[in-house]
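The sequence lines fix the lettering, A, B, ..., with proteins before strands; numbering per chain opens at 1. What you are looking at is a predicted structure, and each value in this text was computed from that prediction instead of being measured.
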Number of protein chains: 4
Amino acid sequence: MSPPRRLPGRPVDPVARAERSRAILAAARACVARKGFHGASVADISAAAGISIASLYQSFPSKDALILAIAEDETRASIALVGRLAGPGPFAERLRDVLDAIAEEARRADALALHLEIAAEALRSPRLAAMLRQAQEALLGALADTLAAAQARGELDPSLDPAGLARLLDIVADGLFAHVALGIGDGAAATAQLLRLLRL
Amino acid sequence: MSPPRRLPGRPVDPVARAERSRAILAAARACVARKGFHGASVADISAAAGISIASLYQSFPSKDALILAIAEDETRASIALVGRLAGPGPFAERLRDVLDAIAEEARRADALALHLEIAAEALRSPRLAAMLRQAQEALLGALADTLAAAQARGELDPSLDPAGLARLLDIVADGLFAHVALGIGDGAAATAQLLRLLRL
Amino acid sequence: MSPPRRLPGRPVDPVARAERSRAILAAARACVARKGFHGASVADISAAAGISIASLYQSFPSKDALILAIAEDETRASIALVGRLAGPGPFAERLRDVLDAIAEEARRADALALHLEIAAEALRSPRLAAMLRQAQEALLGALADTLAAAQARGELDPSLDPAGLARLLDIVADGLFAHVALGIGDGAAATAQLLRLLRL
Amino acid sequence: MSPPRRLPGRPVDPVARAERSRAILAAARACVARKGFHGASVADISAAAGISIASLYQSFPSKDALILAIAEDETRASIALVGRLAGPGPFAERLRDVLDAIAEEARRADALALHLEIAAEALRSPRLAAMLRQAQEALLGALADTLAAAQARGELDPSLDPAGLARLLDIVADGLFAHVALGIGDGAAATAQLLRLLRL
DNA sequence: GATGAATGAGTGTTCATTCAT
DNA sequence: CATGAATGAACACTCATTCAT
């Protein structure tokens, strides 16, 4: 009814804002991976992002908020990964795919460091811990559902307990990640062994 | 005239010295587990050990030396754990024993924190990383030997590859540790699943 | 074609401008009283005024200009108070009136804080100090005149020196203000004592 | 009974400690008087004291603790001043003495500034406010006692109420201090007027 | 040998102010 | 004109380390 009113003042540009946040997050990820969360100063991060310290504080209210945002990013990525298990194609292939993706991610220089820093921080920040816990539970549920569906399609030994297997897979994923990231192995041997045990 | 002077260069009471170091290490483990390696100040640690800061520096030349010593302690404990697999009794029982021991350790409040801090620090300290890598390889070798022996005794499916299985077990152990420590589960379900897969 | 443009250089709606300044000043008084001049940020003040920081800077060129404006307001109020001494009615009653007004003002939560902040700032800003000094002298002169007039009307002991008494009254007013504002007393006892000494 | 045991480690030197604290306090008083409590940075103060910032923090745990200590000093000085009223000699002379001392103190460049800063800070720090309130009450009580004693000796109009007069004197003292410190007058006129009113 | 004291370098965070939109 | 965004400079405070006692 009312004509589109021009609000006074400079309009906000949500795209630029998001882009800015993204750039800061990327810089923060790099710094945290390299020096740890406590070791990476906001000065480091803002310099890596190419902005001033004060500008960083316009996008994130505190250093803690930054790590929370980083952790949320990581969580989103994990959930997307599990989603890939439910896609089309034979289950065995999809599982191998996902395990390979985990191993590949683990090979990225900063992946493990980030992972560890987030986990370590979670032990001290109840807020971060709660967020991670909740995400983990959602992930386990989705994983169990996917496994049950595979059993229904006859692609997975129906005598296995989906919930228990989901947990085991989650554990293996974590361990595989650390294994590869620490350079102990490339993950191929462990992946093959697991698929064999699952008769896939 | 002059009182009997201690000869310079001679170590004075090495027993007391070792005891002092041990106490400092224990205090440091507690502080690091609670606040992280960067978060635990040498003031915190020396206070927890009941000595002055300057005294701490007479036992350890730097804060970094402290974490190295802590990591060495942890490594020793892991190797002892694998050694339990090679003891007398049925293999299945021993494996369950060790997995239970891992889960129990993971339930200790500070275990995961310490674990994470050491791993995270290893990514930044080449010296620490080298130490851990070497220990890990020794551990994997011993584990593979133990598995092969179990196969030879007919206690384990001989078609499995001992080296690959050793890696998988190592991965599972790491993942199980994190799983339990983070409160996702108590480890029983995952342990049972693993034993079942191994037909044990 | 082009819409009617305002001539450059012409002040735009001076009434709105003054109103805006007044609102900012009120917000600033509240913030300064609550947190002190250094403690009150321009962000606080502009938020309290319901405008943006940049807009505040269009009404006042700096934070210092703001406190100067606040001090001018206060000065005006003091002069108005002295003016009430010269009004109609018996002098004793008027004096009691004014002293009561001072005590009442002192009871306002933010009055003393503002007073103190202005005084403290005056010690650092020569410009503010000069302004206050001049106002104080004008006030003392007016007060002495009022006292002399009261003596002429036979309402005040003619043996007292008007100028000296003006100073004493000014001192007492300041002290009374602080006394009441700090909650030491309600001012009644001190006021009564003073009137008794003056035989009023 | 037990022989004097040499405690291990470097013994503390309480004299040096006190001297250090005193020097820091003096530096802080100077800085606060010049720039205000919020305007004086700990860097300013430690530089003025000729020590490092970190050293300052070994004597005072926070900037707030510093101002509290300054306020305690001032309080002690005020109490000492009132004590001078109770000394030997005619009361009128003693009172004039004390008023002169106040005026002289007010002439010291930093006196008023310090006074104002403490008062302003008291409005924000409940702890400081409580300390000042308590000291003020003790001071008023001592003052009333002194006045009553003077009345008993026939040196002061016995019809005056000691408690009320104590309050008035306190108010006058505060006002006189501000009066002189702000350069409005030298205090002589106001002092004379007051003594005259008291028939001293 | 043990410790109190000292400190330079750094921490995360805030602020008054400017400028482009 | 109004405002979002940007920032250099500063802030209180902490820390790992050294050194004289």
Rounded to whole Å, OH of B:Tyr57 lies from P of F:dA20 at a distance of 18 Å
Measure from CD1 on D:Ile45 to P on F:dA10 and round the result to the nearest Å.
-> 17 Å
Is the closest side-chain heavy-atom distance between A:Arg29 and A:Glu74 below 4.5 Å?
-> yes
Between B:Leu116 and A:Ala120 the two heavy atoms that sit nearest each other are CD1-N, 3.6 Å
Which one, F:dT3, E:dT3, E:dT7, comes nearest to the side chain of D:Ile51?
-> E:dT7
Over-ring placement of D:Lys63 relative to D:Tyr57, 6.0 Å and 45° cut-offs = no
Interatomic distance, C:Lys63 NZ vs E:dT18 P [rounded to whole Å] = 14 Å
Whom does E:dG8 pair with, Watson-Crick or G-U wobble, provided both distances fall under 3.5 Å?
-> F:dC15
According to a strict under-4.0 Å criterion, is D:Gln58 in side-chain N/O contact with OP1 or OP2 of E:dG4?
-> no
Would you kindly give the CG-to-P distance between A:Leu66 and E:dG12, to the nearest whole Å?
-> 11 Å
Does a side-chain N-to-carboxylate-O contact under 4.0 Å join B:Arg127 and B:Glu121?
-> no
Separation of E:dT11 P from A:Asp64 CG (nearest whole Å) | 16 Å
Nearest-nucleotide check on DNA chain E, C:Pro61 vs D:Leu56; residue mapping nearer the 5' end is D:Leu56
Assign each of D:Ala40 and B:Ala54 the nucleotide of DNA chain F bearing its closest heavy atom; nearer the 5' end lies the nucleotide of D:Ala40
Looking at A:Arg17, does any N or O in its side chain come under 4.0 Å of the phosphate oxygens OP1/OP2 on F:dA5?
-> yes
Taking atom P of E:dC15 as reference, at what distance in whole Å does atom CG of C:Asp44 sit?
-> 7 Å
Under 4.0 Å between a side-chain N or O of B:Arg20 and OP1 or OP2 of E:dG1?
-> no
How is A:Val42 classified with respect to the nucleic acid when contacts are heavy atoms under 4.0 Å: base, sugar-phosphate, or nothing?
-> base
With the side chain defined as heavy atoms from C-beta on, D:Arg10 is closest, among F:dA20, E:dG12, E:dA6, to F:dA20
Integer-rounded Å distance: F:dT14 C1' and D:Phe60 CZ = 19 Å
From the candidates E:dG12, F:dT3, F:dT18, the one with an atom nearest any side-chain atom of A:Ser41 is E:dG12
Winner on side-chain proximity to B:Ile53, out of E:dT13, F:dC13, F:dT17, is F:dT17
To the nearest Å, give me how far apart NE2 (C:His38) and P (F:dC11) are.
-> 10 Å
Per nearest nucleotide of DNA chain F, the residue lying toward the 5' end, D:Lys35 or B:Ala43, is D:Lys35
What nucleotide among F:dC13, F:dG8, E:dA5 has an atom nearest to a side-chain atom of D:Val12?
-> E:dA5
Side chain to side chain, B:Ile67 and B:Val32, heavy atoms closer than 4.5 Å = no
For F:dT21, which nucleotide in any strand shown is its Watson-Crick or wobble partner with both distances under 3.5 Å?
-> E:dA2
Salt-bridged, A:Arg34 to A:Asp110, with N to O below 4.0 Å?
-> no
Check every strand shown and say whether A:Ser55 touches a base, only sugar-phosphate, or nothing at a heavy-atom separation below 4.0 Å.
-> base
